[in-house]
Amino acid sequence: MRTIKAIIVDDEANARLILKNFVSDFCPTVTIIAEAEDVKSAVKIINKNEVDLVFLDIEMPDENGFVLFDYFNKPTFETIFCTAYSEYAIKAFEVSAIDYLLKPIGITKLKDAIEKADIKLQQNLNPQENIAVLKENLLQKSIKKIGIHIGDGIVFIDLNDILYFEANGSYTIIHHKNGSDLAVKKIKHFEDLLSNDHRFFRIHRSYFVNITLIKKYSKKDGLSITYDDRTLLPISREKKEEFEEFMQRNNIL
């Protein structure tokens, strides 16, 4: 059984102690080799040791946790963010394909995050783009890009380029301006992530659409919307009134 060498970066000694004890008691594949109370100390540890995983607090007095990545062009370690951020920020983590632990930390979430980090380490993925997308989404205070797990990697798509999400059993086909990708998540996952985004609406059990890119809305021969000459999507009759109200609220109808 391989060992994941990890460090904890948090300005609060008690928070470091709790996380260290949880890892020691419940996560046998992980060994905490060091602790740091700020980013500069963490950088020194990483440069002197072989570090696989960093548990990183975001809100610290002297430097924001994101500053850590300014010191590394191509980080070889995975990161699990420890945060007490708001609901919006949590969505930003999820759409950016970044693992996080919401304080106070739960054992099940900790195990799940470590399992995901281990998979990424074995795939030897570069987390730099994920971090960049997360920073952009947090800075803009709105979701700009979304990370989609495709095969053994992650594809980042600008939400403005997405036409619609199409349910496909336990998967979702994401149709965008450059083609389509199959995501290993149900359509409800994307609907929940983008529930506060005024650009997207669930018109049918099979379709979650970007209303800003609709070319035509037709009430003839059954309710439908059109994106181009080939794409015609049905609108559930029970969604008609809600859809029109949604469009009017966003100054489209």
Side-chain angles (χ1 to χ4, degrees), residues 4-20 23 30-103 105 109-110 113-114 116-149 153-160 193:
I4 299 173
K5 297 176 182 178
I7 67 171
I8 300 172
V9 186
D10 197 313
D11 63 295
E12 296 181 7
N14 190 52
R16 297 197 304 271
L17 178 61
I18 291 173
L19 180 55
K20 184 177 181 179
V23 170
V30 180
T31 299
I32 304 297
I33 63 170
E35 300 174 32
E37 63 180 4
D38 55 39
V39 169
K40 286 184 173 60
S41 300
V43 171
K44 292 178 182 178
I45 294 170
I46 294 170
N47 285 334
K48 290 181 179 179
N49 298 273
E50 183 181 327
V51 176
D52 302 311
L53 178 63
V54 176
F55 292 98
L56 180 62
D57 185 28
I58 296 177
E59 296 179 301
M60 292 183 284
D62 297 326
E63 286 184 308
N64 185 291
F66 286 114
V67 175
L68 177 66
F69 301 97
D70 294 339
Y71 292 89
F72 302 95
N73 290 326
K74 292 184 178 180
T76 58
F77 54 86
E78 280 297 325
T79 305
I80 297 176
F81 287 95
C82 303
T83 178
Y85 264 10
S86 65
E87 180 183 352
Y88 161 71
I90 296 307
K91 288 188 177 183
F93 279 97
E94 293 178 354
V95 301
S96 307
I98 296 288
D99 292 318
Y100 67 92
L101 295 171
L102 186 62
K103 294 181 177 181
I105 294 170
K109 292 289 187 181
L110 173 62
I114 289 173
K116 291 176 184 177
D118 191 19
I119 291 172
K120 291 178 182 178
L121 285 168
Q122 294 180 54
Q123 292 174 340
N124 197 30
L125 300 175
N126 186 347
Q128 194 73 346
E129 187 172 7
N130 304 57
I131 300 299
V133 170
L134 174 60
K135 289 173 70 175
E136 181 182 1
N137 285 336
L138 287 173
L139 184 64
Q140 297 294 329
K141 296 296 182 183
S142 62
I143 304 302
K144 298 296 182 182
K145 293 180 181 178
I146 186 168
I148 309 297
H149 291 271
I154 299 171
V155 173
F156 291 94
I157 307 173
D158 192 312
L159 284 181
N160 287 323
L193 283 181

In terms of heavy-atom contacts, V133 and K145 come closest through CG1-CB, 3.8 Å
Heavy-atom closest pair, residues I80 and A117
CD1-CB, 4.3 Å
How would you list, by chain and number, every residue that makes a salt bridge (charged side-chain N to carboxylate O under 4.0 Å, His left out) with E63, sequence neighbours excluded?
K40
Tell me which donor-acceptor pairs under 3.5 Å the side chains of residues 41-54 have, and how far apart each pair is, sequence neighbours excluded?
| from | atom 1 | to | atom 2 | distance (Å) |
| --- | --- | --- | --- | --- |
| S41 | OG | D38 | OD1 | 2.7 |
| N47 | ND2 | V43 | O | 3.3 |
| N49 | ND2 | I45 | O | 2.8 |
| D52 | OD2 | K5 | N | 2.8 |

Looking at every non-hydrogen atom in both residues, tell me the closest pair between A6 and F55 and how far apart they are.
CB-CE1, 3.9 Å
If I take atom CZ from residue F66 and atom CG from residue L56, how far apart are they, to the nearest 0.5 angstrom?
8.0 Å
For K103, enumerate each residue passing the salt bridge (charged side-chain N to carboxylate O under 4.0 Å, His left out) test, keeping only those at least two apart in sequence or located in another chain.
D10, D57
Of the non-hydrogen atoms in C82 and L19, which two are nearest, and what is the gap between them?
SG-CD2, 4.1 Å
Show, in sequence, the C-alpha distance, side-chain angles and deciding distance for I105 and I18, and conclude whether the side-chain contact (heavy atoms from CB on, under 4.5 Å) test is met.
CA-CA 9 Å; I105 294 170; I18 291 173; over 6 Å; no
For E37, all residues meeting salt bridge (charged side-chain N to carboxylate O under 4.0 Å, His left out), sequence neighbours excluded
none
K116: what forms a side-chain contact (heavy atoms from CB on, under 4.5 Å) with it, not counting sequence neighbours?
D99
For F72, check ring pair (Phe, Tyr, Trp, His ring centres under 6.0 Å) against everything at least two apart and list the hits.
F77
Which value, rounded to the nearest 0.5 Å, describes the distance between I114 atom CD1 and E78 atom CD?
12.5 Å
By side-chain contact (heavy atoms from CB on, under 4.5 Å), N73 pairs with (sequence neighbours left out) none
F69: which residues meet the ring pair (Phe, Tyr, Trp, His ring centres under 6.0 Å) condition with it, sequence neighbours left out?
none
Side chains of D118 and V30 in contact at under 4.5 Å (non-hydrogen atoms)
no
Rounded to the nearest 0.5 Å, what separates atom NZ in K144 from atom CG in D158?
8.0 Å
What I'd like to find out is whether the side chain of K109 reaches to under 4.5 Å of the side chain of L102, using heavy atoms alone.
no
Results of salt bridge (charged side-chain N to carboxylate O under 4.0 Å, His left out) for D11 - residues two or more places apart only:
none
In the structure I gave you, are the side-chain heavy atoms of Y100 and I58 within less than 4.5 Å of one another anywhere?
no
